[in-house]
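Written out below as structure tokens is the structure these notes cover.
We number each residue from 1, following the sequence as shown. All heavy atoms count here, side chains included; hydrogens, waters and symmetry mates do not.
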Amino acid sequence: MTSPTCPLCNSTSTLFCEKPKHLFYKCTNCEGIFRPKDTFLTAEAEKEHYEKHNNDVFDERYQNFVSPIVNAILQDFTPEAKGLDFGSGTGPVIAKMLTDKGYQVQNYDLFFANEPSLLQEKYDYVSCCEVMEHFHKPYKEFELLKNLLLPKGKLYCKTEVYNNQKPFENWYYKDDFTHVFIYQPKTLEWIQKNLRFSKVSVYAKLIVFEN
């Protein structure tokens, strides 16, 4: 069987993880790790999976989980700046925490807040919390995110980056069927260079791309 091409950079790939329910390939160029598209859940099953998430915007644990993004935005921008939470999900906690402090944030989500007109506007900052691992077409999605930013704008992302912290076969993050594209440090560098972000900064629980 021919290995699929990478959905991010369109390069060749090699088999990386072969388990009964978790088949992944690794790109030979950008080092992205991805499921072949014929193993993806249907859109209906994916939406049903997300609806099971108990994302209560008043839950302190949930607020703490997104706090690296929220705190970075509070540090980098004033309330006058215009923001978008991309992939806001069933409980748009980032927008709630920021609007509580007087910030202007819109919510966009393919399944739960699908307002395409919001993707025609420009923003000072975009948040993308636990979303990028779900991208079926990561190049197209990052191209969109880049185009949403105003000059000097920032894209704040949160995902689990694979950096050989344990054998991939034993890594919990791959077990979610909706996690179809996993990033390694080199993958993030490839995005920064090829999507022409001026900079990418990778922290323990935060990734920041600068326009």
Side-chain angles (χ1 to χ4, degrees), residues 46-47 49-135 137-138 140-161 173 176 178-179 181 183 188-189 191-192 195-211:
E46 191 174 356
K47 182 173 186 283
H49 174 80
Y50 298 143
E51 286 172 336
K52 293 176 182 174
H53 292 181
N54 185 24
N55 292 342
D56 178 359
V57 298
F58 297 102
D59 186 336
E60 285 189 12
R61 290 172 300 174
Y62 189 27
Q63 292 185 1
N64 288 336
F65 181 74
V66 304
S67 63
I69 286 180
V70 173
N71 291 338
I73 292 170
L74 292 174
Q75 177 179 310
D76 294 345
F77 292 96
T78 64
E80 290 71 36
K82 185 178 174 185
L84 176 73
D85 185 21
F86 185 88
S88 50
T90 56
V93 68
I94 289 175
K96 185 210 178 321
M97 292 172 72
L98 289 170
T99 54
D100 281 353
K101 293 185 177 295
Y103 281 65
Q104 310 168 55
V105 188
Q106 299 281 353
N107 289 312
Y108 175 82
D109 190 278
L110 179 64
F111 295 110
F112 305 107
N114 195 343
E115 294 288 342
S117 62
L118 293 175
L119 305 181
Q120 305 302 315
E121 299 182 33
K122 297 279 188 180
Y123 302 90
D124 295 293
Y125 58 89
V126 175
S127 59
C128 189
C129 184
E130 292 286 318
V131 174
M132 57 197 274
E133 65 275 10
H134 303 283
F135 288 167
K137 298 177 180 178
K140 182 181 177 183
E141 300 287 1
F142 271 97
E143 190 174 43
L144 169 63
L145 292 168
K146 174 77 162 59
N147 290 334
L148 288 171
L149 292 174
L150 288 162
K152 305 297 182 185
K154 293 187 178 185
L155 169 62
Y156 299 90
C157 299
K158 192 174 188 300
T159 191
E160 291 275 351
V161 176
Y173 204 65
D176 187 323
T178 65
H179 291 180
F181 195 94
Y183 302 78
L188 301 174
E189 292 169 8
I191 292 169
Q192 181 264 316
L195 274 297
R196 298 183 180 178
F197 287 98
S198 65
K199 182 181 179 183
V200 61
S201 302
V202 183
Y203 306 99
K205 296 184 178 180
L206 182 66
I207 301 161
V208 184
F209 292 95
E210 298 182 31
N211 204 4

Specify the closest pair of heavy atoms between Leu118 and Asn107, including all atoms of both residues, with the distance to one decimal.
CD1-O, 3.2 Å
The single option from Leu155, Ile191, Ile69, Val161 that satisfies side-chain contact (heavy atoms from CB on, under 4.5 Å) with Ile207 is Val161
Indicate yes or no: at least one non-hydrogen side-chain atom of Tyr103 is less than 4.5 angstrom from one of Tyr125.
yes
Rounded to the nearest 0.5 angstrom, the CG-CG distance for Leu110 and Leu119 is 9.5 Å
Which is it for Glu121 and Gln106 under the side chain to side chain contact (heavy atoms under 4.5 Å, CB included) test, yes or no, and what are the steps along the way?
CA-CA 11 Å; Glu121 299 182 33; Gln106 299 281 353; 5.7 Å; no
Counting only heavy atoms not in Lys122, do more than 12 sit closer than 6.0 Å to its NZ atom?
yes
With no hydrogens and no angle check, just 3.5 Å: does a side-chain donor-acceptor pair link Ser127 and Asp85?
yes
Heavy-atom check, side chain of Asn211 versus side chain of Leu150, under 4.5 Å:
no
Would you say that Glu143 contacts Asn147 through its side chain, given a criterion of any heavy-atom pair below 4.5 Å between the two side chains?
yes
Output for pair (Leu195 CG, Glu141 CD), nearest 0.5 Å, gives 11.5 Å
Quick one, Phe86 and Asp109 - any side-chain contact, counting heavy atoms below 4.5 Å?
no
Point-to-point distance, once rounded to the nearest 0.5 Å, from CD of Glu115 to CD of Gln120
12.0 Å
Is there a donor-acceptor pair under 3.5 Å between the side chain of Gln104 and the backbone N or O of Glu80?
yes
Under 4.5 Å between any side-chain heavy atoms of Phe197 and Leu149, yes or no?
yes
Determine the interplanar angle of the His179 and His134 rings, folded into 0 to 90°, and report it as parallel if under 30°, tilted if 30 to 60°, perpendicular if over 60°.
perpendicular
Taking all atoms of both residues into account, what is the closest heavy-atom pair of Val66 and Cys129, and its distance?
CG1-SG, 3.8 Å
Closest non-hydrogen atom pair between Pro79 and Gly102, with its separation
CB-O, 3.4 Å
What is the distance from atom CZ of Phe111 to atom CD of Glu46, rounded to the nearest 0.5 Å?
4.0 Å
Heavy-atom donor-acceptor pair, Tyr183 side chain to Met132 backbone, under 3.5 Å
yes
Is the closest side-chain heavy-atom distance between Phe65 and Val93 below 4.5 Å?
no
Compare every heavy atom of Pro138 with every heavy atom of Phe181, then report the nearest pair and how far apart it is.
CD1-CG, 3.8 Å
What side chain to side chain donor-acceptor pair (under 3.5 Å) pairs are there with at least one residue in residues 150-161, not counting sequence neighbours?
Asp76-Lys154, Asp76-Tyr156, Glu133-Thr159, Thr159-Tyr173, Glu160-Tyr172
Do side-chain atoms of Ser198 reach the backbone of Glu210 as a donor and acceptor pair under 3.5 angstrom?
yes
Are the ring centres of Phe142 and Phe135 closer than 6.0 Å?
yes
Rounded distance (nearest 0.5 Å) linking atom CE of Met97 with atom CD1 of Ile73:
10.0 Å
